[in-house]
Visitor: 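My structure is below; once you've seen it, I'll send some questions.
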Amino acid sequence: MDKIKEMLKKRSELLNKAKQLVAEGKIEDFNAVEKEIETLDAQIEAAKLANANLKALEDKQVIADLENYSKTPESPKVIAKKEEQIVLTDKQTYENAWAKHMMGQSLTNDEQVVFENVNKEFSNAYTHDTGNTAILIPETVVGGIWSRAEEMYPLFGDAKKYNVQGKMVIKKHSSIDAGDAAWYTESTPTADEQNTFGELVLDGHELSKAITITWKLRAMAIPEFISYIKNELAQRIGVALGYAAARGNGNTEPQGVETALLAEVDTPQVVAYSPDASTPIPLSYAIMTKAVSKLHSSYLNGASIYANNATIWNELANLMDDNGRPLFIPDVTSGGVGRMFGLVVKPDASITDGSIIIGNAQSGYVVNTNEPMSIATEEHVKARTVDYAAYTIVDGGVLDTKAFALIRKAPAA
């Protein structure tokens with residue numbers, strides 16, 4: 001490495017000399033120095049490669065090409081192993097290092113450097129305390145967790161997502177109280193516009209989930225371990241995120257769509273029905289059209305219908321129009337299980353049984369991740385188990401209730 005430093009120092013000196021020669025107009029001398037720099041560059045690259053291959057032999061790997069991966073997050077390393085080439089980025093290196101750390105395995109020097117750099121930046125940016133040292137979950141793993149949660153809970157999945165640290169305040173236009181566009185006579189001055197604005201404040205709620213596995217199970221291969229963690233956290237964290245998007249109370253958890261619509265004065269976006277014998281008002285074509293009519297026209301394009309599986313197949317799938325034709329058209333190619341009124345019907349287990357949400361979640365619901373997902377571990381030696389506690393801070397809320405309509409069973413008298 002000292003030899004490389006010497007060559008880099010010489011290159012810097014030659015580069016300064018070349019600049020001076022160009023400034024003095026000595027082009028022939030510059031050309032000679034340029035060739036010298038090019039030759040030196042080749043020597044530097046050869047020395048780097050030799051050092052890297054020597055290091056790789058110590059790690060029982062052969063590196064065919066090396067770029068100093070610490071310079072940029074995406075600089076690739078190419079590892080030749082059993083005559084196949086695998087391109088690794090720092091994100092993939094960190095995923096490997098993170099998995100090995102979670103599994104109690106030793107890290108290579110390269111993995112240790114990447115692991116420490118990522119978590120140093122993470123610990124500097126966020127200061128929460130989970131009782132153990134929290135380790136940032138790799139973006140590749142978090143991406144898998146969130147995508148699976150979104151697949152299971154499409155209302156949450158369709159919402160607009162942000163990653164803003166700290167409190168997030170979104171201004172929203174409530175109404176034009178005066179001065180809207182109008183027709184005027186020639187002598188009448190145009191009225192000043194008066195607007196009412198509201199705020200959607202996303203402050204953040206702590207979301208944590210622990211899973212416990214045995215030491216024996218932890219001894220699985222790295223790809224299988226990562227897949228297992230993705231599945232477990234996606235299923236368990238997904239339940240909390242999905243439930244909050246639909247029914248969150250807005251106090252100790254994000255505000256849900258059902259909660260927001262039911263909290264409005266006179267509940268203008270809610271249509272009630274009841275299949276009970278005491279009040280026989282079954283779900284009908286008229287109730288469905290009434291609910292669709294409550295969406296503002298600007299939100300109709302992009303809207304979907306959300307309900308749990310039982311409600312879809314016991315209620316929606318059996319609805320007929322006034323001419324006895326089925327309203328529900330089975331269709332699994334559009335991102336849901338069917339279509340009604342041209343809208344995709346999506347099964348979502350977080351929706352209250354018997355309730356149906358019709359709306360444009362992309363425009364009407366906002367989710368902000370205040371702190372990225374991390375994970376802490378706790379070993380239990382006697383029980384030979386290890387706890388993995390995932391932690392993140394998330395908030396969400398309805399940006400505009402006019403983007404949604406809720407059909408629900410009338411509460412019992």
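Heads up: numbering here begins at 1 and tracks the sequence. The model shown is predicted, which means the values in this text are computed figures rather than measured ones. Hydrogens, waters and symmetry mates are skipped; everything else that's a heavy atom, side chains included, is used.
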Visitor: Using a 3.5 Å distance criterion without hydrogens, assess whether the side chain of Asp266 forms a donor-acceptor pair with backbone atoms of Pro268.
Guide: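 A pair under 3.5 Å: no.
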Visitor: Using a 6.0 Å distance limit plus a 45 degree cone around the ring axis, check whether Lys346 lies over the aromatic ring of Tyr153.
Guide: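 That pair does not qualify as a cation-pi contact.
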Visitor: Hey, does the side chain of Thr369 reach the backbone of Asn163 with a donor-acceptor pair shorter than 3.5 angstrom?
Guide: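 Answer holds: no.
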Visitor: Are the side chain of Ser12 and the backbone N or O of Lys9 linked by a donor-acceptor pair below 3.5 Å?
Guide: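 A pair under 3.5 Å: no.
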Visitor: I'd like to know if the side chain of Glu315 and the backbone of Thr311 have a donor-acceptor N/O pair within less than 3.5 Å.
Guide: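 Not confirmed, Glu315 side chain does not pair with Thr311 backbone.
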Visitor: Once you round to the nearest 0.5 Å, how far does CD of Glu264 lie from CD of Gln269?
Guide: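 Interatomic distance, Glu264 CD to Gln269 CD, rounded to 0.5 Å: 6.0 Å.
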Visitor: Begin with the C-alpha distance, continue with both residues' side-chain angles, and end with the deciding distance and a verdict on side-chain contact (heavy atoms from CB on, under 4.5 Å) for Asn360 and Leu295.
Guide: CA-CA 9 Å; Asn360 190 325; Leu295 267 68; 5.7 Å; no
Visitor: Using 0.5 Å steps for rounding, measure from the OH atom of Tyr273 to the CD1 atom of Ile407.
Guide: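 Spacing of OH (Tyr273) from CD1 (Ile407) equals 8.0 Å.
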Visitor: Is a donor on one side and an acceptor on the other found under 3.5 Å between the side chain of Glu206 and the backbone of Tyr391?
Guide: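 Absent.
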Visitor: Could you check whether any side-chain N or O of Asn323 sits under 3.5 Å from a backbone N or O of Arg325, counting only pairs where one atom can act as donor and the other as acceptor?
Guide: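 Side chain of Asn323 to backbone of Arg325, a donor-acceptor pair under 3.5 Å: no, none is there.
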Visitor: Measuring from atom OG of Ser304 to atom CE of Met340, what distance do you get when rounded to the nearest 0.5 angstrom?
Guide: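 Interatomic distance, Ser304 OG to Met340 CE, rounded to 0.5 Å: 13.0 Å.
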Visitor: Do other residues, nucleotides or ligands put more than 12 heavy atoms under 6.0 Å from His380 NE2?
Guide: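 More than 12 heavy atoms, drawn from other residues, nucleotides or ligands, come within 6.0 Å of this atom.
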Visitor: Given 3.5 Å as the limit, does a donor-acceptor pair link the side chain of Thr392 with the main chain of Glu371, or not?
Guide: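 Flag set: sc Thr392 to bb Glu371 pair under 3.5 Å.
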Visitor: Check this for me: does any side-chain nitrogen of one of Lys161 and Glu150 sit under 4.0 Å from a carboxylate oxygen of the other?
Guide: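 Salt bridge present between Lys161 and Glu150.
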Visitor: Is any side-chain heavy atom of Tyr306 less than 4.5 Å from a side-chain heavy atom of Phe156?
Guide: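 Not touching, per the 4.5 Å side-chain cut-off.
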Visitor: State the CD-OG1 distance between Glu258 and Thr352, to the nearest 0.5 angstrom.
Guide: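 One gets 3.5 Å once the value is rounded to the nearest 0.5 Å.
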Visitor: Can you confirm whether more than 12 heavy atoms, excluding those of Asn16, are under 6.0 Å from its CG atom?
Guide: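 Result for CG/Asn16: enclosed.
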Visitor: Do you know which of Ile351, Leu406, Leu283 makes side-chain contact (heavy atoms from CB on, under 4.5 Å) with Ile356?
Guide: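 Single side-chain contact (heavy atoms from CB on, under 4.5 Å) partner of Ile356 among Ile351, Leu406, Leu283: Leu283.
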Visitor: Is there a donor in the side chain of Asn368 and an acceptor in the side chain of Asp395, or the other way round, less than 3.5 Å apart?
Guide: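 Side chains of Asn368 and Asp395: no pair found under 3.5 Å.
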